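Here the structure is laid out as structure tokens; the discussion comes afterwards.
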Amino acid sequence: MHKRPTFDSSQLMRRADDLISHASNRYRITVQVANRAKRRRFEDFDNNEDSAVKPVMRAIIEMSDELTQPEIIGE
């Protein structure tokens, strides 16, 4: 049975809190996270990849990294 690796939920919550606190509009950042997760899910499906991290978690991690490391912004 394939088991997903565990991810530190406190770190994920901190990153999500950072995203919300830096956003001017909480609704808009929530929609942006959802859209990115949706896009990543379809990309994984098209590439037949089974990611170890769920799309929403990965979107939060990527977007919080873009906040802390602006040089990696690619959009």
Side-chain angles (χ1 to χ4, degrees):
M1 180 175 208
H2 188 262
K3 198 173 190 181
R4 291 183 188 262
T6 58
F7 190 80
D8 185 14
S9 61
S10 62
Q11 181 185 15
L12 184 66
M13 292 300 292
R14 183 188 52 79
R15 287 176 177 246
D17 188 44
D18 287 346
L19 275 176
I20 291 171
S21 65
H22 284 89
S24 60
N25 185 332
R26 289 184 351 184
Y27 174 78
R28 185 168 180 216
I29 195 70
T30 303
V31 170
Q32 288 176 343
V33 168
N35 285 335
R36 182 174 293 204
K38 185 177 177 181
R39 189 171 49 233
R40 296 288 186 243
R41 188 185 76 183
F42 286 125
E43 287 174 1
D44 289 348
F45 183 74
D46 288 342
N47 295 333
N48 292 331
E49 292 180 20
D50 185 28
S51 179
V53 180
K54 292 185 178 184
V56 172
M57 295 169 86
R58 188 168 27 157
I60 291 171
I61 293 167
E62 289 174 356
M63 291 177 76
S64 68
D65 284 345
E66 290 172 2
L67 277 178
T68 58
Q69 302 170 2
E71 66 273 2
I72 64 171
I73 295 176
E75 290 186 41

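Just so it is clear, the model here is predicted, and its values are computed rather than measured. Starting from 1, each residue takes its place in the sequence as its number.
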Report summary line: Joining Ile, Leu, Val, Met, Phe, Trp and Tyr whenever any side-chain heavy atoms lie under 4.5 Å apart, the cluster holding M13 also takes in none
Requested in this report: Measure the CZ-CZ distance between R58 and R36 for me, rounded to the nearest 0.5 Å.
Outcome: 10.5 Å
Side chains of residues 16-26: which donor-acceptor pairs under 3.5 Å do they make with residues two or more places apart or in other chains?
from: D18; atom 1: OD2; to: R14; atom 2: NH1; distance (Å): 3.3
from: S21; atom 1: OG; to: D17; atom 2: O; distance (Å): 3.2
from: S21; atom 1: OG; to: D18; atom 2: O; distance (Å): 3.0
from: H22; atom 1: ND1; to: D18; atom 2: O; distance (Å): 2.7
from: N25; atom 1: OD1; to: Y27; atom 2: N; distance (Å): 3.0
from: N25; atom 1: OD1; to: R28; atom 2: N; distance (Å): 3.4

Report summary line: What one should report as the nearest heavy-atom pair of P55 and A37 is CB-O, 3.4 Å
Query raised in the report: Do R15 and D65 have side-chain heavy atoms sitting under 4.5 Å apart?
Result: yes
Query raised in the report: Under 4.5 Å between side-chain heavy atoms, hopping through other hydrophobics if needed: is there a path connecting L67 to M57?
Result: yes
Query - Derivation and outcome, side-chain contact (heavy atoms from CB on, under 4.5 Å), residues R40 and E62 - result: CA-CA 11 Å; R40 296 288 186 243; E62 289 174 356; 3.2 Å; yes
**Report entry** Distance-minimising heavy-atom pair for S10 and D8
**Finding:** OG-OD1, 2.9 Å
